[in-house]
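In this text the structure is predicted, and so the values were computed from the model without any measurement. Whatever order the structure lists them in is the order used to number ligands and atoms, beginning at 1.
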Amino acid sequence: MKVLVTGAAGFIGMHASERLLARGDEVVGLDNLNDYYDPRLKEARLARLAPHAGFRFVRLDVADRAGMERLFAEEGFDRVVHLAAQAGVRYSLQNPHAYIDSNLVGFTNILEGCRHNRVAHLVYASSSSVYGGNTRMPFSEHDSVDHPVSLYAATKKANELMAHTYSHLYGLPTTGLRFFTVYGPWGRPDMALFLFTKAILAGRPIDVFNHGRMRRDFTYIDDIVEGVLRVLDRTAEADPAFDAASPDPARSNVPYRVFNIGNHDPVALMAFVEAIEAALGRKAEKNFLPLQDGDVPATHADTAELNAWTGFSPATPVADGVARFVAWYRGYYGV
Ligand code: NAD
């Protein structure tokens, strides 16, 4: 199968590309290599993919309409894994336009490319942030998600709405995956695990938001990628009975679906910090701060739908995943 992976130089994109290549798929990896965080890390991820015969890299911005039209027309992708996006909740407070360009204009170009070039399945990254301040736990795909609390979350919910129209109007099979706080080797430098590990090793205090009372459904990267691949391999046509049985009327005859991918085992932020301390063999000095604007106090994924569709639910314990991240971090940075 020939797969377009957007955001291939990113954290999840690199891992997803590696797995697709390992099983023999042809991967065209697209990324604009922006400087939201250290571009050298993105280059290093690409260097891991480059030796695979089935891999080709294209530097392109998903918001570049003409470039995207050309790419889709020339390449003829069977499936698309769309992970390129401006990520991060806090950054969206200062840089709203980056989210509109990459997440809305870019997503439109992806939808149009899939529609006009008969892509068999578009799988794209949504986010647990669409649940906003919902307090009913665990978060289910059937919960109302009309109250995002950051522009980032609003663009992810907008992606789901846009995907629905393309599934409805053109029969384009689309699946949105609501990832829950993904972590692991090659992870993002703007996220807690990376920031905490870096600060603890440098002997600096760590910023613990919401005074440590946060709970997060931390989900290990290999589980995320397993979910992405299992979902990618199925299309709407594969099991019409599933859709007919769905309690959501909007799904009954449209090849559109959305799944949570989370560990369904939320961990208190302080327990997460303890896991990092244990893996590093060092104690952290903590700087307790209030909840940041746009952040939510808790996340918890209900994964029953994902499990019903794929037979899979994430299950890596946080202590194991954190230890694997720390081992990678020490090796990569030589500390
Ligand atoms: P990442 O920032 O490491 O990867 C995204 C990649 O996309 C980057 O390499 C970036 O250069 C590229 N990119 C950004 N804008 C682009 C554009 N306009 N054109 C081309 N390339 C562009 O982030 P990640 O953690 O790997 O996240 C992947 C996807 O999953 C994103 O859509 C993100 O919103 C979503 N997500 C991630 C998490 C998480 O915890 N990591 C949680 C929920 C959702």
Task: Any donor-acceptor pair under 3.5 Å from S167 side chain to L172 backbone - done: yes
TODO: Sort out for me which residue in Y332, Y329, F11 forms a ring-ring contact (aromatic ring centres under 6.0 Å, His included) with F194.
DONE: Y329
Open item on the list: Just to be sure I read this right, does ligand 1 sit under 4.0 Å from the backbone of Y36, its side chain, both, or neither, counting only heavy atoms?
Closed with: neither
Task: Heavy-atom side-chain proximity of I261 to I224 below 4.5 angstrom - done: yes
Task: Heavy-atom gap R178 to ligand 1 smaller than 4.0 Å - done: no
- [ ] Check each heavy atom of N34 against ligand 1 and say whether those closer than 4.0 Å belong to the side chain, the backbone, both or neither.
- [x] both
Task: Check: F325 ring centroid to Y183 ring centroid under 6.0 Å - done: no
Open item on the list: Within the structure provided, determine whether Y124 and V258 are in side-chain contact (heavy-atom separation under 4.5 Å).
Closed with: yes
Task: Identity of the nearest option to atom 31 (C) of ligand 1, non-hydrogen atoms only, from I261, N32, L83 - done: L83
- [ ] State, with a plain yes or no, whether a side-chain heavy atom of C114 is found less than 4.5 Å away from one of F72.
- [x] yes
Task: Nearest protein heavy atom with distance in Å, relative to atom 19 (N) of ligand 1 - done: V62 N, 2.9 Å
Task: Electrostatic pair R23-D233, nearest N-O below 4.0 angstrom - done: yes
Open item on the list: Between E305 and H142, is there a side-chain donor-acceptor contact under 3.5 Å, judged purely by atom types and distance?
Closed with: yes
TODO: May I ask you to identify the nearest protein heavy atom to atom 4 (O) of ligand 1, giving residue, atom name and distance to one decimal place in Å?
DONE: G10 CA, 3.3 Å
Open item on the list: Quick check on S126 - does any of its heavy atoms sit under 4.0 Å from an atom of ligand 1?
Closed with: yes
- [ ] Run the contact test for A9 against ligand 1 with a 4.0 Å cut-off on heavy atoms, strictly below, and give the result.
- [x] yes
TODO: Note the single closest protein heavy atom to atom 25 (O) of ligand 1, along with its residue, its atom name and the distance in Å.
DONE: R188 NH1, 2.8 Å
TODO: Please state whether Y183 comes within less than 4.0 angstrom of ligand 1, counting heavy atoms only.
DONE: no
Task: Top protein contact for atom 26 (O) of ligand 1, by heavy-atom distance - done: I12 N, 2.8 Å
Task: Sub-4.0 Å heavy-atom contact, L60 with ligand 1 - done: yes
Task: NZ or CZ of K286 within 45° of F196 ring axis and under 6.0 Å - done: no
Task: T181 neighbourhood, listing ligand 1 atoms whose heavy-atom distance to it stays under 4.0 Å - done: 40 (O)
- [ ] Could you tell me whether the side chains of N263 and D217 share a donor-acceptor contact shorter than 3.5 Å?
- [x] no
Task: Y152 heavy atom under 4.0 Å from ligand 1 - done: yes
Task: For Y37, the ligand 1 atoms whose distance to one of its heavy atoms is below 4.0 Å - done: 1 (P), 2 (O), 3 (O)
- [ ] Give the ring-plane orientation class for Y333 versus W328, where under 30° counts as parallel, over 60° as perpendicular and anything between as tilted.
- [x] perpendicular
Open item on the list: Only heavy atoms of A125, strictly under 4.0 Å: list the atoms of ligand 1 that pass.
Closed with: 29 (C), 30 (O), 32 (O), 35 (C)
Task: ligand 1 atoms in contact with S102 (distance to a heavy atom under 4.0 Å) - done: 15 (N), 16 (C), 17 (C), 18 (N)
TODO: Looking only at distances, please establish whether an N/O atom of ligand 1 is found under 3.5 Å from an N/O atom of F11.
DONE: yes
Open item on the list: To check your reading of the model: name the closest protein heavy atom to atom 38 (C) of ligand 1, its residue, and the distance in Å.
Closed with: V182 CG2, 4.0 Å
Open item on the list: Assess whether a salt bridge exists between E43 and R40, defined as any Lys/Arg side-chain N lying under 4.0 Å from an Asp/Glu carboxylate O.
Closed with: no
TODO: Please identify which atoms of ligand 1 are closer than 4.0 Å to at least one heavy atom of K156.
DONE: 31 (C), 32 (O), 33 (C), 34 (O)
Open item on the list: Would D31 count as a polar contact of ligand 1, with the cut-off being nitrogen or oxygen pairs under 3.5 Å?
Closed with: yes
Open item on the list: With a 4.0 Å cut-off on N to O distance, would you call R230 and E226 a salt bridge?
Closed with: yes
Open item on the list: Taking a cutoff of less than 4.0 Å between a non-hydrogen atom of the residue and any ligand atom, is M14 in contact with ligand 1?
Closed with: no
Open item on the list: Tell me whether R178 forms a cation-pi arrangement with F139, defined as NZ or CZ under 6.0 Å from the six-membered ring centre and within 45 degrees of its axis.
Closed with: no
- [ ] Decide whether an N or O pair under 3.5 Å exists between S128 and ligand 1.
- [x] no
